[in-house]
Amino acid sequence: MSRTAPPPAPLASPTPPTPPTPSAPRTRAALLTITALLAALLIPLSAQSAPAAPTPAAAPLAATADTLGALYTPTATTFRIWSPDSSNVKVTVAGGTYSLGPTTLSGYSNVYQVVVSGDLRGQTYQFSVGGTAVRDPYARMVKPGTTQGVVIDSAAIMPTGGSWAPRPARVNREDAVVYELSVRDFTIDASSGVDAAKRGKFLGLVQSGTTHNGVKTGIDHLKELGVNTVQLMPSFDFGTPVPNWGYDPVNYNVPEEQYSQYTQPEDRVREFKDMVNEFHKHGIRVVMDVVYNHTHTTSVFNGITGKYYTPTDLSGTGNSIDDGNPMVSRMIQDSLEHWVRDYNIDGFRFDLMGIHHYRNVATWVTYLNAAYSDRGLLLYGEPWSAAADPQEAQKVRYGTVPALAPGHVGVFNGVYRDAIRGGTDTNVMAYMGGSGNAGAIAFGMRGSPTDLKSTAPIADLWNPAFAYDPEQTVNYVSIHDNLNLYDKITYSGAGGGATGRAGRIDRFAVGMVLTSQGVPVIAEGDEFLRSKVVNGDYTTAKNSYKASDRVNALHWGDKVTNAGVFRYYRDAIALRKTTPALRLTDWDAVRNQMTTRTDGSVVIGHLSANPSAPTTYDTVVVANPTASTYKVTLPSGTWTKVLDTNGAVTAADNDCASLAVTVFRRS
């Protein structure tokens, strides 16, 4: 989480409470039953209108989609908005002002509606409630810098060429290897090789054939690295000029115009779809980072009703969204569906998911997974908030994650992150620096499974044994917030660059992430030792949400300088993708087909990919944080060392180097 506070300044992501070391089984509450929402049915009533001069005629109610906003057809547009506090609701469009009347819509309450005849495609419109101009929370396009929406049929606009490319195949969610990036930071520097007009733009992400000093950049770099999923940092309409990461939402359903090359509404929609389509053509799925937990300021929705916001701020920005209100919850679900249905998005990362009620999250995802059952959506978020919550037991926490297993929802594993790297912004390293809790590493390597095979919530909300399914633990050591991996390492005193101790620690840390059960996430640039420290300024690097491009932009010369580190990341990803034992897919498989043990501070994992021969291990993973080579005792049979501190290797010895993850496979 990085966000803009009600002006002036954002806050860095809160460090979640440090849970206890994994413990014995605990008592659990009753099993949560997750029930999907049915698609709402439209129950049309007569629209009321009292137009001001000039006076275009209001049309009879037309058959439209069963949601809110501006619903376009070539002959009429239906305008709908939720207004629980005022019946004085109007819309101004095409030179006329119309009063909206109450309507009944299944799944919604306090909705006002009017149908305006004529082809309004491309027309701006302005809602007002109680005489105050307000934005349309459901707007599919807007006039930048205003509260005006634009009438558009975003679903009807197709990618260039007129069709969607096939979605990249993925059997299990554990097969995902996720790469987080900022639309701007990834290509804004000239070293990206991207055309000047596309740098920092949506289509810059997918320009192929780019290089810098002989190495691949941009999307070709992602393919070479081997990741199969990108996590786009906020790409909807946000309230602060770039450079800014966008954690300050204004219009949830509109692509951010600062990332667009175009000004015309339909061109902007098509551009975003072209980006998604090109990622798909290159074998990469697209996850959106969504910020439904707060808005840029309370002025975003307060003119409509204060019921959008929680009585007590939970976001650290003074404007947390209250999905405990059924209509706010429904708005979030409808927005998620908008991106899946109209833009072909493959999943979502929820910023501060811990602000949301876990039962509501269950409702949203169960609906999406049923309505788009062919997608295999990847869904995960941060299981913490930025403030004490009186309803904490009802929110997304480690303890409520098992109840989200039927909806395939995962969360960031901050416990495992801290066990590997130490505090996010401190100058003390944990296991990756040669010390720390080996038991916590062994447990994280197993995917942090629940003590019991149950999807019931856990009484201890911060129990680190939270994953009913391996797909529910999202493993990482670096993300946009806080010090990135290499800066954390150097801030903690390690030096020597890519070939020295610092580079070795970096490879050790990501090696653990890529050889653990669950879904791994890599932050952009970590694969070539990206640093955000300029002139020794670690303070800015700790919270660089609005820092200059000099700080946040990827500098692709680092890939040339630190080629050995990139090679390691590439090789470790390739090994993960070709080693089924590293991607076990359920609680029973982890329990029966994997064992971990510690030998002093060394952690050894034995894994089998074969449920029919669960103890005939085919893979051994050794994490050695010590200063000496460790000789592992391998099970009987012929074994080959396939990964060491430098990357892919083929060797017959059983040596495990210092500060390294070493992997052996049965020959």
Side-chain angles (χ1 to χ4, degrees), residues 34 166-180 222 225-231 279-280 282-288 340 344-349 362 365-366 368-381 401-413 416 444-450 453 455 466-476 512-522 572-594 605 607-614 617-619 621 663 665:
I34 300 176
R167 192 177 314 280
R170 190 187 64 213
V171 178
N172 301 300
R173 290 171 175 84
E174 291 88 351
D175 296 338
V177 180
V178 182
Y179 185 97
E180 182 200 42
L222 297 178
L225 182 61
V227 297
N228 54 27
T229 306
V230 292
Q231 175 186 304
F279 271 125
H280 285 176
H282 287 84
I284 298 173
R285 290 186 172 221
V286 181
V287 166
M288 282 186 69
V340 172
N344 215 16
I345 288 296
D346 302 293
F348 301 97
R349 177 263 187 192
V365 301
T366 305
L368 291 173
N369 286 329
Y372 304 92
S373 58
D374 61 325
R375 302 293 184 91
L377 297 170
L378 194 61
L379 305 156
Y380 54 92
V401 167
L404 296 173
H408 304 285
V409 177
V411 295
F412 281 93
N413 195 334
Y416 193 31
M445 186 185 291
R446 290 171 53 80
S448 302
T450 54
K453 186 181 180 182
T455 57
F466 65 84
Y468 173 79
D469 188 292
E471 70 184 16
Q472 291 194 281
T473 176
V474 176
N475 301 322
Y476 69 116
M512 282 181 270
V513 169
L514 290 170
T515 56
S516 294
Q517 303 302 324
V519 175
V521 175
I522 297 167
I573 290 170
L575 177 67
R576 179 178 183 84
K577 291 164 70 175
T578 57
T579 308
L582 298 178
R583 297 175 283 109
L584 301 177
T585 59
D586 57 45
W587 190 92
D588 288 319
V590 171
R591 179 181 179 86
N592 298 327
Q593 296 164 229
M594 181 176 186
L607 304 93
S608 169
N610 185 358
S612 299
Y617 300 115
D618 54 67
T619 305
V621 177
V663 180
R665 285 202 298 213

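If you read the sequence from its start, that first residue is 1, and numbering goes on from there.
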Exercise. Quick one: side-chain contact (heavy atoms from CB on, under 4.5 Å) partners of A371, sequence neighbours excluded?
Worked result: Y367
Problem set entry | Those residues that, when tested against T585, pass side-chain contact (heavy atoms from CB on, under 4.5 Å) (two or more places apart) | N172, E174
Exercise. Can you name the salt bridge (charged side-chain N to carboxylate O under 4.0 Å, His left out) partners of D175, sequence neighbours left out?
Worked result: R583
Problem set entry | OG1-CG distance between T619 and L582, expressed to the nearest 0.5 angstrom | 5.5 Å
Exercise. So among V287, I345, N369, which one has a side chain to side chain contact (heavy atoms under 4.5 Å, CB included) with L377?
Worked result: N369
For this session: May I ask you to decide if A609's main-chain N or O and D618's side chain share a donor-acceptor pair within less than 3.5 Å?
Result: yes
Exercise. What residues, two or more places apart in sequence or in another chain, satisfy side-chain contact (heavy atoms from CB on, under 4.5 Å) together with N228?
Worked result: A176, V177
For this session: Quickly, which of H280, R375, R170 forms a side-chain hydrogen bond (donor to acceptor under 3.5 Å, both in side chains) with D346? Name it, please.
Result: H280
Exercise. Would you find a donor on one side and an acceptor on the other, under 3.5 Å apart, between the side chain of Q517 and the backbone of L584?
Worked result: yes
Problem set entry | Residues forming a salt bridge (charged side-chain N to carboxylate O under 4.0 Å, His left out) with K453, sequence neighbours excluded | D588
Problem set entry | Derivation of the side-chain hydrogen bond (donor to acceptor under 3.5 Å, both in side chains) call for S608 and N610 | CA-CA 5 Å; S608 169; N610 185 358; 5.7 Å; no
Problem set entry | Shortest non-hydrogen contact between F412 and Q231, atoms and distance | CZ-OE1, 4.1 Å
Exercise. Minimum heavy-atom separation for S448 to G444, with atom names?
Worked result: OG-CA, 4.0 Å
For this session: Begin with the C-alpha distance, continue with both residues' side-chain angles, and end with the deciding distance and a verdict on side chain to side chain contact (heavy atoms under 4.5 Å, CB included) for Q472 and T450.
Result: CA-CA 11 Å; Q472 291 194 281; T450 54; over 6 Å; no
Seminar exercise, completed: Looking only at heavy atoms, the pair that brings G447 and T473 closest together is O-CG2, 3.4 Å
For this session: Using the test side-chain contact (heavy atoms from CB on, under 4.5 Å), find all partners of R591 that sit at least two apart in sequence or belong to another chain.
Result: W587
